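Here's the structure, in structure tokens; my notes come after.
Keep in mind it's a predicted model, so treat the numbers as computed, not measured. Quick note: residue numbers are just sequence positions, from 1.
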Amino acid sequence: MEDSNQTSSGTFILLGLSNVLYLQIIYFIVFLVMYLITLLGNFLVIIVVRINPKLHTPMYFFLTNLSVLDICFSSTIVPRLLINTLSRDRSISLLGCALQMYFHLTLGATECVILAVMAYDRYVAICLPLHYMNIMSRTVCTYVAIGSWGSCFINTAVHVGLAFHLPFCRSHQVNHFFCELPPFFQMSCKDPWINEFMKLIAAFILVVAAFSLILISYIQIISNILKISSSQGRQKTFSTCASHLIVVSIYYGTIMSLYLRPPSAYSPEVDKAVSLIYTAVTPMLNPIIYSMRNKDVINTIKMKLIK
């Protein structure tokens with residue numbers, strides 16, 4: 001009867017992470033702190049790049065894109081998670097759920113593409129330094145960024161549209177802390193094989209293509225680094241890529257484990273844990289990883305603090 005009422009009123013219930021009170025309080029404090037660090041860190045990166053003319057380069061242009069993505073990505077998920085953690089009413093409207101799913105998938109996919117473009121940028125800078133400003137001109141970077149965002153917005157509309165055409169007659173209780181595709185497929189009383197197939201194809205094309213570009217770029221970079229005679233030169237060149245490699249490893253590892261697996265491997269608890277990494281942890285770590293290993297960013301912050 002409860003599910004029937006939820007169906008007619010067009011709402012879903014997000015079951016969240018836990019119903020144990022002390023765990024809810026701990027989760028709330030932890031995720032609130034993580035969210036504040038995410039906002040502070042990423043806004044700091046954007047401001048630092050903005051105020052320092054020396055950082056107006058393709059690499060920092062895409063790093064700014066990444067920071068904007070992380071702010072939006074985290075803000076799509078974490079505020080709702082914080083509200084639901086301590087609230088008895090965990091309902092979300094059909095429109096609210098659709099928008100959350102749409103923006104989370106779009107921003108997640110765009111981050112995959114931007115990380116791949118950043119790897120290509122490092123390849124051109126290290127392997128083709130004389131042609132760097134021609135290949136990675138401001139016009140090219142702008143078009144690449146617009147194309148990355150735009151294509152992912154269009155691609156996601158198809159998957160969200162297909163997901164919300166499924167009949168949810170089993171239950172409207174989403175076994176997750178946000179509106180995500182796999183738990184929606186589990187709620188459907190119709191076999192969602194088309195949705196699963198489309199999701200797998202899109203994920204394979206997007207993630208594998210982007211990861212392949214990263215892999216090829218770094219094979220070329222490593223090959224070029226090994227040709228450098230001095231160990232100090234090799235270390236300095238590789239240090240410019242180390243931050244990006246850490247971010248790629250964390251992000252792509254979680255994304256691939258969720259979207260490139262067979263439906264039979266679905267596990268609600270594992271999905272929640274993995275989703276926390278790429279929706280809350282990664283956006284918080286990205287500015288820390290890039291800033292701590294970046295002398296230009298650190299020096300700019302120090303100069304402004306001294307002034």
Side-chain angles (χ1 to χ4, degrees), residues 16-17 27-46 48-49 59-60 62-82 85 100-119 121-122 145 148-149 152 156 176-182 203 206-208 210-211 213-215 218 241-261 269-294 297:
L17 296 172
Y27 288 149
F28 180 84
I29 295 170
V30 169
F31 292 121
L32 177 61
V33 171
M34 289 172 65
Y35 182 57
L36 292 175
I37 293 172
T38 299
L39 295 180
L40 179 63
N42 284 291
F43 273 121
L44 186 62
V45 169
I46 294 169
V48 166
V49 173
M59 182 179 81
Y60 289 102
F62 289 113
L63 182 56
T64 302
N65 269 262
L66 188 65
S67 290
V68 172
L69 278 167
D70 284 336
I71 290 169
C72 297
F73 197 16
S74 187
S75 297
T76 303
I77 306 298
V78 180
R80 167 64 66 173
L81 171 61
L82 292 172
T85 299
Q100 187 185 53
M101 183 183 291
Y102 178 72
F103 284 109
H104 130 258
L105 289 174
T106 298
L107 296 167
T110 307
E111 186 152 340
C112 279
V113 180
I114 293 296
L115 286 172
V117 173
M118 290 174 75
D121 170 77
R122 291 298 81 211
S148 301
W149 285 78
C152 291
T156 303
H176 215 295
F177 58 89
F178 69 97
C179 296
E180 171 70 300
L181 286 176
L206 176 67
V207 177
V208 174
F211 189 72
L213 177 59
I214 293 171
L215 196 61
Y218 274 106
C241 306
S243 301
H244 184 257
L245 272 173
I246 294 168
V247 172
V248 166
S249 300
I250 297 171
Y251 190 75
Y252 272 83
T254 54
I255 290 294
M256 287 181 171
S257 67
L258 276 178
Y259 292 100
L260 292 177
R261 65 170 186 206
E269 299 309 315
V270 172
D271 272 28
K272 289 179 187 179
V274 174
S275 296
L276 280 173
I277 295 173
Y278 81 88
T279 59
V281 178
T282 304
M284 177 191 70
L285 290 179
N286 284 353
I288 297 173
I289 293 169
Y290 279 107
S291 300
M292 292 297 288
R293 299 185 62 88
N294 194 308
V297 173

For I214 and Y252: C-alpha separation, side-chain torsions, deciding distance, then whether side-chain contact (heavy atoms from CB on, under 4.5 Å) applies. CA-CA 11 Å; I214 293 171; Y252 272 83; 3.6 Å; yes

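- From I37, atom CD1 reaches atom CG of L40 across 8.0 Å, with rounding to the nearest 0.5 Å.
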What verdict does the side-chain contact (heavy atoms from CB on, under 4.5 Å) test give for E111 and Y278, after you've listed the backbone C-alpha separation in whole Å, the side-chain angles of each residue and the deciding distance to 0.1 Å? CA-CA 11 Å; E111 186 152 340; Y278 81 88; over 6 Å; no

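- The two atoms that bring L32 and L82 nearest to each other are N-CD2, 3.6 Å, heavy atoms only.
- Here the closest heavy-atom approach between residue I46 and residue S67 is recorded as CG1-CB, 3.7 Å.
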Applying side-chain contact (heavy atoms from CB on, under 4.5 Å) to V48 and F43, what does each step give before you reach the verdict? CA-CA 9 Å; V48 166; F43 273 121; over 6 Å; no

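- Note that NZ of K272 and CD1 of I277 are 15.0 Å apart. Values are rounded to the nearest 0.5 Å.
- Counting heavy atoms from C-beta outward, V281 and T254 have side chains that stay 4.5 Å or more apart.
- For the atom pair OG1 of T76 and CZ of F103, the computed distance is 7.5 Å after rounding to the nearest 0.5 Å.
- Aromatic ring pairs are classed by plane angle as parallel below 30°, tilted from 30° to 60° and perpendicular above 60°; the pair H104 and F73 is parallel.
- Within the 4.5 Å cutoff, the side chain of N286 has no heavy atoms near those of the Y251 side chain.
- Looking at C112 and F211, their side chains never come closer than 4.5 Å, going by heavy atoms from C-beta outward.
- Taking CD1 of I288 as the start and CD1 of I246 as the end, the distance is 12.0 Å to the nearest 0.5 Å.
- Across all their heavy atoms, P283 and S74 have their closest contact at CB-CB, 4.2 Å.
- Contact record, D271 with H176: O-NE2, 4.0 Å, taken as the closest heavy-atom pair.
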S75/L39 under side-chain contact (heavy atoms from CB on, under 4.5 Å): CA gap, chis, key distance, verdict: CA-CA 9 Å; S75 297; L39 295 180; 4.2 Å; yes

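- With rounding to the nearest 0.5 Å, the separation of CZ in F62 from CZ in R122 is 11.0 Å.
- Proximity of D70 to M284: side-chain heavy atoms (C-beta onward) are nowhere separated by under 4.5 Å.
- Within the 4.5 Å cutoff, side-chain heavy atoms of L17 are placed close to those of F31.
- The shortest side-chain heavy-atom distance between Y259 and L105 falls under the 4.5 Å cut-off.
- Of all heavy-atom pairs between C179 and Q100, the closest is N-OE1, 2.9 Å.
- At a threshold of 4.5 Å between non-hydrogen side-chain atoms, the residues S275 and F177 count as touching.
- Residues T279 and V78 come closest through the heavy atom pair O-CG2, 4.3 Å.
- Using a distance-only test at 3.5 Å, with no hydrogens or angles considered, no donor-acceptor pair links the side chain of Y60 to the main chain of V45.
- Interatomic distance, CD1 of I255 versus CD1 of I250, reported as 12.5 Å (0.5 Å rounding).
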